[in-house]
Amino acid sequence: MTSEQNRPADGPSERSAVVDLAAVEHNVGRLLDLARGRTLIAVVKADAYGHGAPRVARAALAAGAHMLGTAHVAEALALRAEGITAPVLAWLHTAATDFPAAVRQDVRLGLSGGELDLVLDAARAVGRPAVVHLKFDSGLGRNGATPAQWPELLERVRQAEGQGLLTVEGIFTHLAVADEPSRPETAQQLAAFRDAVRAARDAGLNPTMVHAANTPGLLSAADLPDPDTMLLDAVRVGLGLYGLSPFAERTPQEFGLIPAMTLRTRVANVKDVPAGAGVSYGLTYRTEGPTRLALIPLGYADGVPRVATGAPVRIGDRVYPVVGRIAMDQCVVDLSLGRPVGAGSQEQSVRIGDEAVLFGAGEDPSVVEWADAAGSINYEIVTRISPRVPREYVGVEPGSTHGQNRNAQRSGHPGADTGEEPAADSLEAPGADRDRGPGTGPGGVVPGQDAQEGSGESDAAGENWSLTRELGTAEETRELARALAPHLRAGDLVLLNGELGAGKTTFTQGLGEGLGVREGIISPTFVLARRHPNQADGPRPGGPDLVHVDAYRLTSAEDIESIDLEDTLDTCVTVVEWGTGKVEHLSASRLVVDIERARGAEAAPEQQGADLAGVLADLGAQWQDEDTANETRRVTLRGIGSRWAQCPRV
Ligand SMILES: *Cc1c(COP(=O)(O)O)cnc(C)c1O
């Protein structure tokens, strides 16, 4: 069995798959938004794709998922044994499946046809109807009744309903090529499914949950002529919960998803070797010149694919390739072959005990790089991380006010109460261990406050952490923003506060440089919102655009509506100057940046109208920015909401 633990407070453990439950909660929020009010079935089969089913299930439910999905009845019963009482659907059975236990413990059953007699026997034995979702094979060719088998199944099921042995709650089908949205078969499957549902209604059944979409189906629904044909009543989402993208060419960040699992360990050995030294079994790799090797104590017994030679391992600010064969317990990276991460160092000395990350929440390295090296897909890489690797949980625990409010907002679902008190696990200090300690960036550091749970206010997620930097020059302000940019993703909202001339625009320019968006970020005086497209030759090709907003003269709710931020919010990084008190309703999570000038600070002008004085003041502020280029500033970053549970490494 997989061991699980909370992250030790006294430094990184030997090896672990760190699962960020705050990321899971964030992802559920995004998926609920994309599902536009549909029931969200959180698929936690295969131990939640290797992330740990009980913990992920609780986090997903707390964040608003309505129901759980597993392949096996045994997996559903394991959730029940953990005390999780939310509705669960299980859909892959054999003659040996424990149907009586499923009926007794209120596990909904996918029903393809062959198991019908066994399910009816179980219902009779338990003395209670089995709740089923009929499965239609619309073209995947796996489970489900074929169009030819469908009429007979409907007839038998209708009779059983009449006898009080079955309740048909749902009808579902599974898509074959939803991860390739340009293929025509998905629309064909959905059309066949629509006919099947109509036939069921004509036969006298009254299903309330019709569902087809998996993660790729949900993520591509918005691009369909009619998203309803895909979204139907419910969506069954696995991969997206874990913050991964099902599309070969699109990153999770493009959908505002955060990868939840980080596979990491610590360097076990470092040694210098001469040119021509062989590495690992078979001596398939020989060093080109004198070099240094680092030993990474994770191998195929840990679920690291043996064929993935060449895959990346990040140590510090650099990424190194695995060289030679991956063994049962370990693999080797060649330290002469590193490349920097972001603005990472050109040189660094790797030491025994240094943290080594195979893949993680950042974009570098990603699960997809390991999947590519292994000739596989991200689904397999995370799912196969073996029980030998302890799972460590970080992030906000389920039961946060954020999650429960979210849940309460969604109605018309079969109920999602876990019936559980939130687990009383300690929270990790944000940014501990995985993040570089404070004091390594430009300027001195004033200690921020410690991690705390949501403040318990009605709907506002609480402030998770704050980080203050004293910066000597405008250039340092820009540098800090540039270092922050790699941590930003589509869907992020950044609020910039500070009096005129404090350097808000300078900060935005730094963000723009780090994101690699088209230049020309100026104080947004004459235009309320300006979109800066991401540049293909920048540091984040394919990354989000930056939307730069000046909320200074926005006063009423209608003013804010009028600039239509909702349209770009999910797909861009939105930076709002003077946003505090005005745009918080746009997102439960936000990063707040307060810039204070150490001296010469004037209070923000009181007057807020679209008047000439305001325009001139802003223009003046640009000059002031230059005038005050060498004035010290205090910049405070504050993370609010589950998206910003962790303090970024800046
Ligand atoms: C695994 C599975 C899902 C979830 O698929 P994702 O692509 O991970 O979202 C949905 N439905 C069925 C029937 C499945 O087997």
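Remember, it's 1-based here, ligands and their atoms both numbered in the order they're listed.
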Under 4.0 Å from a heavy atom of V237: which atoms of ligand 1 are those, numbered in the order shown and with their elements?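 This gives 9 (O) as the contact atoms.
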
Where ligand 1 meets P216 - atom numbers and elements under 4.0 angstrom, heavy-atom basis: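 Counting atoms of ligand 1 from 1, those under 4.0 Å from P216 are 7 (O).
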
Using the six-membered ring wherever Trp is involved, compare the ring planes of F172 and W91 and label them parallel, tilted or perpendicular (cut-offs 30° and 60°).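 Aromatic pair F172/W91 classed tilted.
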
What protein heavy atom lies closest to [atom]? Include the residue and the distance to one decimal.
atom: atom 7 (O) of ligand 1; answer: Y379 OH, 2.6 Å
atom: atom 15 (O) of ligand 1; answer: K45 NZ, 2.7 Å
atom: atom 4 (C) of ligand 1; answer: Y49 OH, 3.4 Å
atom: atom 9 (O) of ligand 1; answer: T215 OG1, 2.5 Å
atom: atom 12 (C) of ligand 1; answer: H174 CE1, 3.3 Å

Salt bridge (Lys or Arg N to Asp or Glu O under 4.0 Å) against D233, all qualifying residues, sequence neighbours excluded: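 So D233 forms no salt bridge (Lys or Arg N to Asp or Glu O under 4.0 Å) with any residue.
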
Tell me which one of T173, D195, T146 satisfies side-chain hydrogen bond (donor to acceptor under 3.5 Å, both in side chains) with S138. T173

Could you tell me if S16 and R391 have a donor-acceptor pair between their side chains, going purely by distance under 3.5 Å?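 Side-chain D/A pair, R391 to S16: absent.
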
Check each heavy atom of A71 against ligand 1 and say whether those closer than 4.0 Å belong to the side chain, the backbone, both or neither.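 Neither; no heavy atom under 4.0 Å.
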
Counting only heavy atoms closer than 4.0 Å, does ligand 1 sit against the backbone of R236, its side chain, both, or neither? both

Ligand 1 and L239, any nitrogen or oxygen pair closer than 3.5 angstrom? yes

Any N or O on F172 sitting closer than 3.5 Å to an N or O of ligand 1? no

Neighbour count >12 (heavy atoms, 6.0 Å) for atom CD, E152: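 Check fails, neighbour count at 12 or below.
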
Please determine whether a side-chain nitrogen of the Lys or Arg among R250 and D179 lies less than 4.0 Å from a carboxylate oxygen of the Asp or Glu. no

Using ring centroids (six-membered ring only for Trp), state whether F255 and F247 fall under 6.0 Å.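 For F247 and F255, the ring centres are under 6.0 Å apart.
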
Side-chain touch E392/V19, heavy atoms, less than 4.5 angstrom: no

